[in-house]
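Below: the structure, in structure tokens.
Source: prediction; values computed, not measured. Naming: A, B, ... by sequence-line order, numbering from 1 per chain.
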There are 2 protein chains.
Amino acid sequence: MHQTTAETAPGAAEACTTLPEPGTDEIRLECVLHALADPVRLRIVAELAAPGAALNCLAIDLPVTKSTSTHHFRVLREAGVIRQWRKGTSKMNALRRDDLARLYPGLLESVVAALAAQRDAARP
Amino acid sequence: MHQTTAETAPGAAEACTTLPEPGTDEIRLECVLHALADPVRLRIVAELAAPGAALNCLAIDLPVTKSTSTHHFRVLREAGVIRQWRKGTSKMNALRRDDLARLYPGLLESVVAALAAQRDAARP
DNA sequence: ACGTTCGTACGATAGCCGCCGTACTACGAG
DNA sequence: CTCGTAGTACGGCGGCTATCGTACGAACGT
């Protein structure tokens with residue numbers, strides 16, 4: 001388990017069945033901020049941003065139940081923060097880095113950096 | 001009315017009676033994001049960031065009542081986003097730009113820029 | 001076919017939060 | 001002192017939402 005399935009993001013000819021997500025013109029800043037204003041979701045974003053370009057299924061180990069997990073991923077997707085698609089029995093996730101960078105330059109980067117900084121500050 | 005009281009921020013010898021606010025080490029990213037994840041508060045931040053370094057009282061003209069206004073300002077202050085102090089009969093507000101920049105470099109700037117960009121996109 | 005793993009749908013519940021109105025306090029002007 | 005302006009405190013209400021449990025559905029391995 002836990003094989004780092006570093007699949008190329010969908011867009012190739014694979015039947016990736018990307019789950020419904022807002023277009024770049026549908027993304028609202030307040031929704032993005034609201035999506036980021038939750039510890040659990042912030043943790044997801046951190047995990048998704050941490051490795052080079054890691055896309056994981058729900059093996060991110062959150063302090064909540066499966067259903068709650070699904071809920072949070074959905075909030076992030078519907079806000080336009082992440083992209084999801086099915087891959088066999090599991091589901092892949094990836095930050096919509098480029099889209100967000102185009103809309104709100106520097107926002108995602110500073111949030112991720114702040115998150116890392118805060119985490120470091122908490123570790124003695 | 002509406003005199004642009006561009007007062008020097010407190011810190012001078014004036015009896016500024018700065019209202020209680022979190023120290024720089026008390027500020028939590030999730031709280032800041034939560035404070036920013038509201039249209040009204042986002043509007044306040046935009047107004048506070050728009051002019052050179054404008055600090056206004058509650059003459060920002062929000063689509064809510066006075067009490068709700070107070071509530072939003074308090075949320076922003078307690079999250080560490082703004083600083084407040086009494087000035088005669090009214091109250092002054094200012095973004096804690098430097099503190100936030102030190103903690104989360106680029107965050108406030110990108111949010112403000114995103115806000116302006118989104119507002120421009122909405123104007124035909 | 002069967003079971004296992006991964007994920008979703010659907011209630012249900014409890015807490016938070018935005019909003020309001022009213023009553024109250026603080027400060028300055030006259 | 002009295003009045004008006006600026007803001008706060010408090011209580012209440014409706015809605016959103018984070019959380020859970022249970023039941024269900026889709027791929028894959030055997």
Under 4.0 Å from OP1 or OP2 of [N]: is there any side-chain N or O of [X] that close?
{"X": "A/Ser67", "N": "D/dC20", "value": "no"}
{"X": "A/Thr65", "N": "D/dC20", "value": "yes"}
{"X": "B/Arg74", "N": "D/dG7", "value": "no"}
{"X": "A/His72", "N": "D/dT19", "value": "yes"}

Rounded to whole angstroms, how far apart are [atom1] on [X] and [atom2] on [N]?
{"X": "B/Trp85", "N": "C/dA26", "atom1": "CH2", "atom2": "C1'", "value": "19 Å"}
{"X": "B/Arg86", "N": "C/dC27", "atom1": "CZ", "atom2": "C1'", "value": "8 Å"}
{"X": "A/His34", "N": "C/dG18", "atom1": "NE2", "atom2": "P", "value": "10 Å"}
{"X": "A/His71", "N": "D/dC20", "atom1": "NE2", "atom2": "C1'", "value": "12 Å"}
{"X": "B/Glu30", "N": "C/dC16", "atom1": "CD", "atom2": "P", "value": "14 Å"}
{"X": "B/Arg43", "N": "C/dG18", "atom1": "CZ", "atom2": "P", "value": "16 Å"}
{"X": "B/Glu78", "N": "C/dC16", "atom1": "CD", "atom2": "C1'", "value": "14 Å"}
{"X": "A/Met92", "N": "C/dG7", "atom1": "CE", "atom2": "C1'", "value": "12 Å"}

| remark: Closest non-hydrogen contact found for A/Ser69 with A/Leu62 is OG-CD1, 3.3 Å
| task | Identify whether any heavy atom of B/Ser90 sits under 4.0 Å from a base atom; if not, whether one sits that close to sugar-phosphate; answer base, sugar-phosphate or nothing. | result | sugar-phosphate
| field | B/Thr70 (side chain) and D/dG7 (base): donor-acceptor pair under 3.5 Å | value | no
| field | Side-chain donor/acceptor of B/Arg41 to backbone N/O of B/Ala35, under 3.5 Å | value | yes
| note | From the list B/Arg83, B/Arg102, B/Arg77, side-chain contact (heavy atoms from CB on, under 4.5 Å) with B/Arg96 holds only for B/Arg83
| Would B/Arg43 and B/Glu47 pass as an ion pair if we require N to O under 4.0 Å? | no
| task | Take atom CG of A/Asp61 as the centre, draw a 6.0 Å sphere, and report whether it contains more than 12 heavy atoms from other residues, nucleotides or ligands. | result | no
| said: Can you tell me which nucleotide in C/dG18, D/dG21, D/dA18 comes closest to the side chain of A/Val75? | reply: D/dA18
| query | If you check every side-chain atom of A/Thr89, which of D/dA27, C/dC19, D/dA6 has the closest atom? | reply | D/dA27
